[in-house]
> 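Handing you this structure, nothing more for now.
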Amino acid sequence: MAYWLFKTEPDAFSLDDLQQAPQQTTVWEGVRNYQARNFIRDEIKLGDQVMIYHSSCKHVGVVGIATVTKAAYPDLTQFDLSSDYYDAKATHDNPRWYVVDVTYQSRLNKLVSLKSIKANPAITELVLKKAGRLSVMPVTANDWQQIMAMAAD
DNA sequence: GCCAACGTTGGC
DNA sequence: GCCAACGTTGGC
């Protein structure tokens, strides 16, 4: 089982929204970055654990945990003309973008802020600490445990 | 709302 | 295939 971090803008889709969704589950659609796509399509497996991170908002940081409940399949919004995520170059035979399903698991006792993550020297690998545009990123077991410990303080 | 970082596009 | 221009992300 591997660990991941997914970013979301809470104004668009928050941890609360996930918790209140049918079956507390959502399709994680709309990822349009190749590096993130490759993680989704090639590496993220059923049962993997996901930290949900709120970006572009007042309280930026990790807020909760979700579980991957369906492995990668084509993102249907790429074929939908009415969607913001429509991609004219994607075909059903050769999809360009993929999704997984994630299910709410838990809320952290407290938000682990980006600031506190950056300030923690024990978090050594997390991509967030450096350049931050990637919306889906791997998390090492050590970094995962560090963040969970920070949430428990 | 600003702006730095960085990904993507397109001309050559 | 390079790289400048442009667009987007995301923290502040």
Side-chain angles (χ1 to χ4, degrees), chain A residues 2-21 26-44 48-68 72-102 104-140 142-153:
Chain A
Y3 298 114
W4 304 94
L5 183 146
F6 288 6
K7 284 184 190 171
T8 184
E9 297 187 14
D11 290 346
F13 189 84
S14 67
L15 185 68
D16 283 344
D17 293 327
L18 180 60
Q19 189 173 13
Q20 290 160 20
T26 195
V27 181
W28 203 266
E29 64 191 15
V31 172
R32 293 292 182 272
N33 167 286
Y34 286 105
Q35 203 180 347
R37 188 281 309 270
N38 291 345
F39 287 133
I40 290 172
R41 188 188 59 184
D42 304 334
E43 297 191 39
I44 298 181
D48 282 359
Q49 299 285 102
V50 177
M51 285 180 162
I52 302 297
Y53 174 93
H54 282 174
S55 68
S56 298
C57 60
K58 190 168 183 182
H59 302 293
V60 170
V62 177
V63 291
I65 308 299
T67 305
V68 176
Y73 58 102
D75 185 342
L76 295 178
T77 63
Q78 71 193 304
F79 309 124
D80 178 359
L81 268 169
S82 68
S83 170
D84 288 344
Y85 299 125
Y86 176 73
D87 185 339
K89 293 177 180 170
T91 65
H92 283 84
D93 284 344
N94 192 15
R96 181 177 284 193
W97 307 110
Y98 287 78
V99 294
V100 292
D101 289 0
V102 297
Y104 175 88
Q105 183 173 102
S106 61
R107 180 177 306 276
L108 300 187
N109 290 328
K110 66 179 193 189
L111 173 140
V112 178
S113 69
L114 178 61
K115 190 177 174 184
S116 66
I117 289 170
K118 284 183 171 172
N120 184 348
I123 296 173
T124 53
E125 305 296 327
L126 195 61
V127 177
L128 270 183
K129 293 197 81 168
K130 310 175 198 112
R133 299 185 65 190
L134 194 58
S135 60
V136 168
M137 68 185 77
V139 180
T140 64
N142 173 69
D143 288 350
W144 181 280
Q145 286 159 17
Q146 293 293 336
I147 291 169
M148 295 304 275
M150 291 164 79
D153 281 346

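So that the names make sense, note that chain A is the first sequence line, chain B the second, and so on, each numbered from 1. No hydrogens, no waters, no symmetry mates; every other heavy atom, side chains included, goes into these values. What you see is a predicted model; the values in this text were computed from it and never measured.
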> Indicate the ring-plane relationship of A:W97 and A:Y34, choosing parallel, tilted or perpendicular according to the 30° and 60° boundaries.
tilted
> Would A:R37 and A:D75 pass as an ion pair if we require N to O under 4.0 Å?
no
> Figure out the CG/P separation between A:L114 and C:dT9, and round it to whole Å.
18 Å
> Could you tell me whether A:S56 contacts a base, only the sugar-phosphate backbone, or nothing, with contacts defined as non-hydrogen atoms closer than 4.0 Å?
base
> Over 60° means perpendicular and under 30° means parallel, so classify the ring planes of A:F79 and A:H92, tilted if in between.
parallel
> Output the rounded distance in Å from CG (A:L128) to P (C:dT9).
16 Å
> Return the nearest nucleotide to the side chain of A:Y34; candidates are B:dG7, B:dT8, C:dG11.
B:dT8
> For the pair A:S83 (side chain) and A:Y85 (backbone), establish whether a donor and an acceptor sit closer than 3.5 Å, ignoring hydrogens and angles.
yes
> Rounded to whole Å, how long is the line connecting atom CD of A:E9 with atom C1' of C:dT9?
8 Å
> Rounding to an integer number of Å, can you tell me how far A:L134 CG sits from B:dT8 C1'?
15 Å
> Of the candidate nucleotides B:dT8, C:dG7, C:dG11, which contains the atom at the shortest distance from the side chain of A:Y53?
C:dG11
> Quick one: which of C:dG10, C:dC12, B:dG7 gets closest to the side chain of A:N33?
B:dG7
> Specify the separation, in whole Å, of atom NZ of A:K58 and atom P of C:dG10.
21 Å
> Would you mind reading off the distance between A:R133 atom CZ and B:dA5 atom P, rounded to a whole angstrom?
12 Å
> From CG of A:D84 over to P of C:dT9, roughly how many Å is that when rounded to an integer?
11 Å
> Rounding to an integer number of Å, can you tell me how far A:R96 CZ sits from B:dG7 P?
17 Å
> Quick one: is A:K7 getting a side-chain N or O under 4.0 Å of the C:dT9 phosphate, OP1 or OP2?
no
